[in-house]
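No hydrogens, no waters, no symmetry mates; every other heavy atom, side chains included, goes into these values. Just so you know, ligand 1 is whichever comes first in the structure, and atom 1 is the first atom listed for that ligand. The model shown is predicted, which means the values in this text are computed figures rather than measured ones.
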Amino acid sequence: MQKIAIPNLQPNMVVARNIFSPDGVLLLSADTVLNPSQIDRLQQFGLTSIYIKNPFTDNLNDSDLFDTIPEVVREETRVQAIQIVNTSFQNLAITQELNTQPFQEISDFLLEEVIKNRGAMIHLTDIRARDGYTFGHSVNVCVLATLTGLQMGYDLGKLKELALGALLHDTGKMLVPKELLIKPGPLTCAERKLMERHPDLGFNVLRTQRDIPLVSAHIAYQHHEKFDGTGYTRSLCGTEIHEYARIVAIADVYDALTSDRPYKEGTLPHEAYEIMMSLASTHFDPAILRIFLNQIAVYPLDSIVQLNTGDIAVVIGVTPGLQTRPTLKILVNADGCRLADGPEIDLTKNLTTFIHKVFTSTELLHLDARTSSKHCRRQQPTDMYLKKNFQPNS
Ligand SMILES: [Fe+2]
């Protein structure tokens with residue numbers, strides 16, 4: 001399946017996952033073939049993108065390629081959690097009083113689902129409405145952080161403290177002017193200084209709540225500190241920053257990079273992976289970053305990629321810890337011929353083959369039109385692949 005921006009939707013595309021409105025109502029079910037009025041309706045609901053079935057693999061059953069794409073948290077759970085965070089944070093902005101109970105309930109609920117699905121990798125980014133970034137972001141950071149805590153061997157008590165603090169990490173944003181939160185493009189110097197007060201503002205609200213552990217409140221206080229001491233609010237350095245806040249700092253940036261915003265489409269996971277790696281030791285604790293990145297599918301299942309051989313392939317398998325070397329199935333050979341049953345290649349074993357490019361959903365639309373008419377005479381796929389890639393004396 002491919003994530004596609006709403007303005008790029010076209011009639012006859014097939015919906016790959018259930019689509020919910022920002023207030024949790026099911027708008028369209030998976031397998032719906034889109035018509036123009038449904039596309040208009042999706043636009044009106046303010047969604048930025050949806051998942052559609054991959055035009056490249058629609059003649060193949062997903063089950064022939066891989067089991068269903070595992071989700072750490074079900075879309076229904078996520079939408080429900082976002083709704084409750086939305087209402088509770090809006091109340092805080094109006095009354096300046098925090099009702100902590102809904103956050104306790106949601107963080108426990110999300111934690112339960114993360115524990116139940118332990119071992120699942122992050123393949124999909126969630127779909128959010130244009131004006132709901134902060135609420136979806138809080139839920140996603142909670143999921144990513146608790147998944148990391150689980151990998152680090154945290155017990156239930158620590159996971160609960162981490163989940164709650166992660167969910168509430170941006171509480172202080174509800175206390176800065178709303179115009180700053182939704183402003184497209186860069187902030188002025190004065191606006192940035194105001195925005196940078198949000199960890200402090202959030203901590204001041206959270207530390208006075210009897211049912212919020214102080215250590216969870218410190219996540220809000222410290223989540224913009226950087227490992228080399230160049231962050232804010234107190235320029236803490238290395239292990240002076242609480243371990244929970246070091247985890248949440250990583251989840252926070254990864255989610256911000258990969259999310260669609262009103263002014264830009266989210267970065268693809270492999271690009272986000274490179275950016276995060278480049279920030280190891282400066283922004284992030286490198287040991288925790290390694291654990292975090294091990295659970296991210298750099299090339300998610302069903303991604304369409306081009307190899308250095310010129311072949312175009314679909315990702316059909318990902319191994320945790322070896323995510324940069326997935327297993328692929330060739331769909332189009334270097335001559336542009338569509339293969340009905342191309343060979344499979346395990347990149348952990350084919351060390352001279354590497355991924356050269358990942359196609360965006362928009363590029364795939366053009367690519368599909370270019371190759372769909374060029375089905376080539378059937379050949380023995382494996383023989384053909386070996387002949388092309390392993391010529392004697394080559
Ligand atoms: Fe923040």
Side-chain angles (χ1 to χ4, degrees), residues 81-82 85-86 88-90 92-93 98 103 106-107 126 128 131-146 148 161-207 209 212 215-236 241-264 266-267 272 275-276 279 282-285 288-289 292:
I82 291 171
V85 169
N86 186 347
S88 309
F89 269 153
Q90 307 267 20
L92 169 65
L98 183 70
F103 292 99
I106 299 164
S107 67
D126 61 325
R128 296 172 199 168
D131 58 357
Y133 173 75
T134 305
F135 315 117
H137 175 68
S138 302
V139 170
N140 232 24
V141 169
C142 175
V143 171
L144 292 168
T146 47
T148 310
E161 291 171 342
L162 174 63
L164 185 59
L167 190 65
L168 287 163
H169 78 281
D170 267 343
T171 298
K173 279 194 180 172
M174 296 303 108
L175 305 171
V176 298
K178 195 183 171 195
E179 307 81 76
L180 297 194
L181 297 182
I182 55 173
K183 183 179 174 184
L187 300 177
T188 65
C189 185
E191 288 169 337
R192 189 175 46 77
K193 280 189 179 156
L194 194 55
M195 188 63 115
E196 286 184 359
R197 289 194 56 216
H198 80 270
D200 201 12
L201 294 170
F203 179 60
N204 280 330
V205 171
L206 297 172
R207 73 192 171 106
Q209 309 292 326
I212 303 278
V215 76
S216 304
H218 269 280
I219 293 177
Y221 199 18
Q222 300 180 24
H223 74 278
H224 283 290
E225 302 287 359
K226 292 179 185 163
F227 203 63
D228 63 359
T230 61
Y232 58 94
T233 301
R234 291 179 290 162
S235 304
L236 300 179
I241 309 165
H242 192 280
E243 189 171 86
Y244 294 169
R246 279 180 269 148
I247 295 172
V248 169
I250 293 169
D252 185 25
V253 173
Y254 183 81
D255 186 64
L257 282 172
T258 51
S259 301
D260 292 332
R261 303 295 278 271
Y263 46 89
K264 72 159 186 74
T267 308
I275 295 169
M276 297 294 286
L279 299 174
T282 54
H283 283 42
F284 306 130
D285 179 330
I288 298 178
L289 181 65
F292 176 87

Are His223 and His169, when compared by the centres of their aromatic rings, separated by less than 6.0 Å?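 Yes: the rings meet the under 6.0 Å criterion.
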
With the side chain counted from C-beta on, respond yes when His198 and Asp170 share a heavy-atom pair under 4.5 Å apart, and no when they do not.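 Heavy-atom side-chain distance check passes, below 4.5 Å.
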
For the NE2 atom of His218 and the CD1 atom of Ile212, what is their distance to the nearest 0.5 Å?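 So the NE2 of His218 and the CD1 of Ile212 are separated by 13.5 Å.
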
From the N, O or S atoms in Asp170, identify the one nearest to the Fe ion (ligand 1).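 Nearest N/O/S atom of Asp170: OD1.
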
Measure from the Fe ion (ligand 1) to each N, O or S atom of His198 and report whether any distance is below 2.8 Å.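 Checking the Fe ion (ligand 1) against His198, an N, O or S atom does fall under 2.8 Å.
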
Please find out if the Fe ion (ligand 1) and some N, O or S atom of Asp252 are separated by less than 2.8 Å.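 So Asp252 does not count as coordinating the Fe ion (ligand 1).
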
Residue pair Val85 / Ser138: nearest heavy atoms and the distance that separates them: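 It is CG1-CB, 4.3 Å.
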
